[in-house]
Amino acid sequence: MTTTTNVTTPTASPLASTGSAPSSLAAGDSDDRRLSHLDALEAEAILVIREMAGELERPALLFSGGKDSVVMLHLATKAFWPAPIPFPVLHVDTGHNFPEVLAYRDETVDRLGLRLVVASVQDYIDDGRLRERADGTRNPLQTMPLLDAINDHRFDGVFGGGRRDEEKARAKERIVSLRDEFGQWDPKNQRPELWNLFNPRHRPGEHVRVFPISNWTEVDIWRYIDREDIPLAPLYYAHEREVFQRDGMWLAVGPVSRPRDDEQTSTRLVRYRTVGDMSCTGAVESPARTNAEIVVEVAASTMTERGATRADDRISEAAMEDRKKEGYF
Amino acid sequence: MATNTLTSTRGTLLRLATAGSVDDGKSTLVGRLLHDTKSVLSDQLAAVERVSRDRGLTAADLALLTDGLRAEREQGITIDVAYRYFATANRSFVLADCPGHVQYTRNTVTGSSTADVVVLLVDARKGVLEQTRRHLAVTALLRVPHVVVAVNKIDLVDFSEAVYDRVEAEVQAVARELGVVDAIAIPVSALDGDNVAVRSARTPWYSGPSLLELLEALPPSDDPANESFRLPVQLVIRPQGAARDEQHRDYRGYAGQVASGVVRVGDEVVALPSGRRTTVVGIDLGERTLDEAFAPQSVTLRLADEIDISRGDVIAAAVDAPEPTQDITAVLCWLGDVPLRPGQRLLLKHGSRTVQTAVRSLDGALDLDDLHTAPSEALSLNDIGLVTLRLASPVPVENYATSRRGGSFLLIDAHDGRTVAAGMVGATLPTGAPAPTRPEGDEAWEI
Ligand SMILES: Nc1nc2c(ncn2[C@@H]2O[C@H](COP(=O)(O)OP(=O)(O)OP(=O)(O)O)[C@@H](O)[C@H]2O)c(=O)[nH]1
Ligand SMILES: [Mg+2]
């Protein structure tokens, strides 16, 4: 085919009127071919995952065993099917994880034949590179092991399951988001992201974080889990657990979250809306045992998932933004 | 043409982006829309009320629902786009609250590039400002399907019909010059909620819909499935020995998102730029096999012949495939800190292909004061200009006017990887000639 044809046909009207572009007749019979909202979200996520697999040299996917990372992993299996996912998964283990989530993580890694890289906060504490915080939460401590793992494995892109509806700093995040050589996010100077053309190019030492499910809400996640029948860790569903109340949240009684003398324990029917560090992740009282029941519950909820379940976001108004600037997920 | 009723928009998604000059009330409007549709959850509202109280305000500053960054709250401005999601019984919405400040125009371009509707705010006391013009120009260039002009702070001009009429006429004149002939205007108070979710008794002279009513009824964007079939190949899927199932050892598929059109098993397609033809024998979406796929589905195509196709190629309908070219003219929104000059070399990303390009000539830049195109030596940050580009290898670009996907591209600085321009193939700039009037056969509106 020759190379010099000029396809540009300037139109007479300046800037051209907005509104309908003439459509080709080749496929003109498709009035009701509209993707459902969920299908459109799926298509966008797969587009992003494939594009980054094509552009990046050494990506990795953050996999905690939590629902968002599970959905992201499920989308990745679809993106490359029937080939396996062509990159490893990375877990930053706080050492305070729910045992059933770790078991679920390992099962999933086995089932999908993935390579798992674990960065352990406990190792950092044991050898003194990190110190336990006075409030006991280890969420902010994940940044250093994460950045070290990115460096050590020379990952140039990391897929994360962050969603814009989770939190106000995350609402500002690009789908493909640059991190400087110190792993920092600069929210005042983000790269433009136009149409659905994604550009992860960067200088040596920098990397990108990629959020394929940016535009999903919590209820979208649950509708998708329900539709695709994706197995999850059991603590997402209603179960009896010994808990105590602190700051309006139900914390599990366990080695890293012990009730103080004035805190009553009781056994309640609860489930987890988010899964993080045990010391600061609260359960919600809920009778929802199935995905369909959870969809109904989440749709009617009057609290955000992090507001209802995360103590670490209550440290200050900008807790998440501050952590993200330092290189957190 | 049929009038648009609520039933025709049921279940559809509408992506909205705000635009307009700094402080014209964009974030307050988005906050008000979220608040008045009961889309703000109790802990979010409590946080915003707490911060507002700490600052000595008597009512919650709803702009804080989107102005979530530390620096934004310190300065009381929006710096980058915030995305918020809400749904009414009828429709789901993605709201992109964009900044007005000229320094952050690239973020506003980001927010509007995927929008179905831009809500352009104008302060009733101030009328059209330079950023109003710039954002309107960008909206027109990007061919955002709908433009709504919210004449805001109507409470500060005593709900005056005369002021509203004057400001509306001023905005519409600029819009028409830029080719936007069907902008719909509404008088609003983002602060108090007049005509935002419900119609206000304080503007009895206004008989149109509230902003929410209008948004619920705006027809969905043109369905890209009605255009010709194109699929930029993102990956070639060949599991070979790594196949998780023995039966897929010899699988070979071309993965990508259907950018436009529909493809069916049995269709004749052509690979571009090679021009080789073959037939689609299978369409996969994960484990599922489909008879047809349409935009914007992400799928994998299996083809009859083992022709050479790799990442970056485009698979297109054989009947009306675009002709690959190395020479294009395009309008750029320049978003780089260092100005663009003729002769410069950059990378161009179109679909899944990135090629080298040289700027042959800069053929003019848009003057925002009088909205005509003037000769120019360089394009600086936030300038809009017309260029001729030479590509290092042929790319099947299309005219942006007929295909948003096929006609859009990025320019990238090869040295540091930054995205420096949004490009629209075949677009033109105003010459200063008389503005066109409303085109024939345009849709009638009834709410
Ligand atoms: N009286 C009155 N004040 C308003 C109205 N809308 C917004 N304001 C005020 O105008 C100021 C700016 O509002 P914002 O919503 O932050 O403006 P913006 O357009 O988002 O500004 P940038 O994002 O920085 O460009 C705030 O003090 C608002 O309270 C209105 O309808 N009436
Ligand atoms: Mg704002």
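In the text below, chain A, chain B and the rest are named by the order of the sequence lines, each starting its count at 1.
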Self-check item: Worked verdict on A/E193 versus B/T114 for side-chain contact (heavy atoms from CB on, under 4.5 Å)
Solution: CA-CA 10 Å; A/E193 190 159 84; B/T114 52; over 6 Å; no

Self-check item: Proximal component of B/L142, with respect to chain A [non-hydrogen, under 4.5 Å]
Solution: side chain

Quiz item: Any idea which of A/T217, A/L112, A/N189 has the most non-hydrogen atom pairs under 4.5 angstrom with chain B?
Solution: A/L112

Self-check item: Heavy-atom side-chain proximity of A/P82 to B/I237 below 4.5 angstrom
Solution: yes

Quiz item: With respect to chain A, which residue among B/L335, B/T66, B/L64, B/V81 yields the maximal number of heavy-atom pairs within a distance under 4.5 Å?
Solution: B/V81

Practice problem: Provide the closest heavy-atom pair for B/S298 versus A/L47 in the form atom of the first, atom of the second, distance. | Solution: OG-N, 3.6 Å

Quiz item: For B/Q240, does the CD atom have more than 12 heavy-atom neighbours from other residues, nucleotides or ligands under 6.0 Å away?
Solution: yes

Quiz prompt | Chi angles and distances behind the side-chain contact (heavy atoms from CB on, under 4.5 Å) call for A/W81, B/L285 | solution = CA-CA 8 Å; A/W81 185 93; B/L285 199 182; over 6 Å; no

Quiz item: Heavy-atom distance under 4.5 Å between the side chains of A/D165 and B/R84, does that happen here?
Solution: no

Exercise. Specify the closest pair of heavy atoms between A/T302 and B/L41, including all atoms of both residues, with the distance to one decimal.
Key: O-CB, 3.4 Å

Quiz item: Are any non-hydrogen side-chain atoms of B/P296 and A/E44 less than 4.5 angstrom apart?
Solution: no

Practice problem: Heavy atoms only: give me the nearest B/T419-A/P192 pair and the separation to one decimal. | Solution: O-CG, 3.8 Å

Quiz prompt | Closest-packed option against chain B by number of heavy-atom pairs under 4.5 Å, given A/K78, A/E42, A/R170, A/R191 | solution = A/R191

Practice problem: Carefully, step by step, assess A/N196 and B/R404 under the rule side-chain hydrogen bond (donor to acceptor under 3.5 Å, both in side chains). | Solution: CA-CA 10 Å; A/N196 35 25; B/R404 258 176 132 181; over 6 Å; no

Self-check item: Side chain / backbone / both / neither for B/D284 at chain A, heavy atoms under 4.5 Å
Solution: side chain

Quiz item: Is chain B contacted by the side chain of A/S36, its backbone, both, or neither, given a heavy-atom distance below 4.5 Å?
Solution: neither

Practice problem: Give, for atom OG1 of A/T77 and atom CD of B/E287, the distance between the pair rounded to the nearest 0.5 Å. | Solution: 8.0 Å

Quiz item: Between B/A259, B/G68, B/G253, which has the largest tally of heavy atom pairs under 4.5 Å with chain A?
Solution: B/G68

Quiz prompt | Stepwise side-chain contact (heavy atoms from CB on, under 4.5 Å) test for B/Y83 and A/E173 | solution = CA-CA 9 Å; B/Y83 294 90; A/E173 182 70 270; over 6 Å; no

Quiz item: With B/E72, which of A/K168, A/K188, A/K172 fulfils salt bridge (charged side-chain N to carboxylate O under 4.0 Å, His left out)?
Solution: A/K172

Quiz item: Between A/D220 and B/Y85, does a side-chain hydrogen bond (donor to acceptor under 3.5 Å, both in side chains) hold up when you go through it step by step?
Solution: CA-CA 11 Å; A/D220 294 328; B/Y85 308 83; over 6 Å; no

Exercise. Determine the minimum heavy-atom distance between A/P84 and B/A242, stating which atoms define it.
Key: CD-O, 3.3 Å

Exercise. Give, as side chain, backbone, both or neither, the part of A/D322 having an atom under 4.5 angstrom from any heavy atom of chain B.
Key: side chain

Quiz item: So which of B/V299, B/T12, B/D245, B/V109 has the biggest tally of heavy-atom pairs under 4.5 Å with chain A?
Solution: B/V299

Quiz item: Would B/R311 and A/E51 pass as an ion pair if we require N to O under 4.0 Å?
Solution: yes

Quiz item: Taking all non-hydrogen atoms of both residues, which atom of A/L194 and which atom of B/A422 are closest, and how far apart?
Solution: CD1-CB, 3.5 Å

Quiz item: Would you say the side chain of B/L347 lies within less than 4.5 Å of the side chain of A/R201, judging by non-hydrogen atoms?
Solution: yes

Practice problem: Evaluate the criterion salt bridge (charged side-chain N to carboxylate O under 4.0 Å, His left out) for residue pair B/K349 and A/E55; output intermediate values, then yes/no. | Solution: CA-CA 11 Å; B/K349 182 167 186 179; A/E55 290 261 1; 2.6 Å; yes

Quiz prompt | Portion of B/L410 that has a non-hydrogen atom of chain A nearer than 4.5 angstrom | solution = both

Quiz item: With only heavy atoms counted, which part of B/V420 is less than 4.5 Å from chain A, the side chain, the backbone, both or neither?
Solution: neither

Self-check item: Region of A/E321 that comes under 4.5 Å of a non-hydrogen atom in chain B
Solution: side chain

Quiz item: Between B/D80 and A/R174, does at least one N-O distance fall below 4.0 Å, as a salt bridge requires?
Solution: yes

Self-check item: Approximate separation, where rounding is to 0.5 Å, of B/S92 OG and A/H37 NE2
Solution: 4.5 Å

Quiz item: If you count heavy-atom pairs under 4.5 Å with chain A, which of B/L69, B/L13, B/D416 comes out on top?
Solution: B/L69

Practice problem: Evaluate the side-chain hydrogen bond (donor to acceptor under 3.5 Å, both in side chains) criterion for residues B/T300 and A/R50: first the C-alpha distance (whole Å), next the side-chain angles of each, then the deciding distance (0.1 Å), finally the verdict. | Solution: CA-CA 11 Å; B/T300 305; A/R50 286 173 169 170; 3.0 Å; yes

Quiz item: Which region of B/T78, side chain (C-beta onward) or backbone (N, CA, C, O), has a non-hydrogen atom less than 4.5 Å from a non-hydrogen atom of chain A, or is it both or neither?
Solution: side chain

Self-check item: Proximity breakdown for B/A321 and chain A, heavy-atom pairs closer than 4.5 Å
Solution: neither

Quiz item: Are A/L197 and B/S408 close enough that some pair of their side-chain heavy atoms sits under 4.5 Å apart?
Solution: yes

Self-check item: side-chain contact (heavy atoms from CB on, under 4.5 Å) evaluation trace for A/I46 with B/Q257
Solution: CA-CA 8 Å; A/I46 293 175; B/Q257 185 179 41; over 6 Å; no

Quiz item: Side chain, backbone, both or neither: which part of B/R15 has an atom under 4.5 Å from a heavy atom of chain A?
Solution: side chain

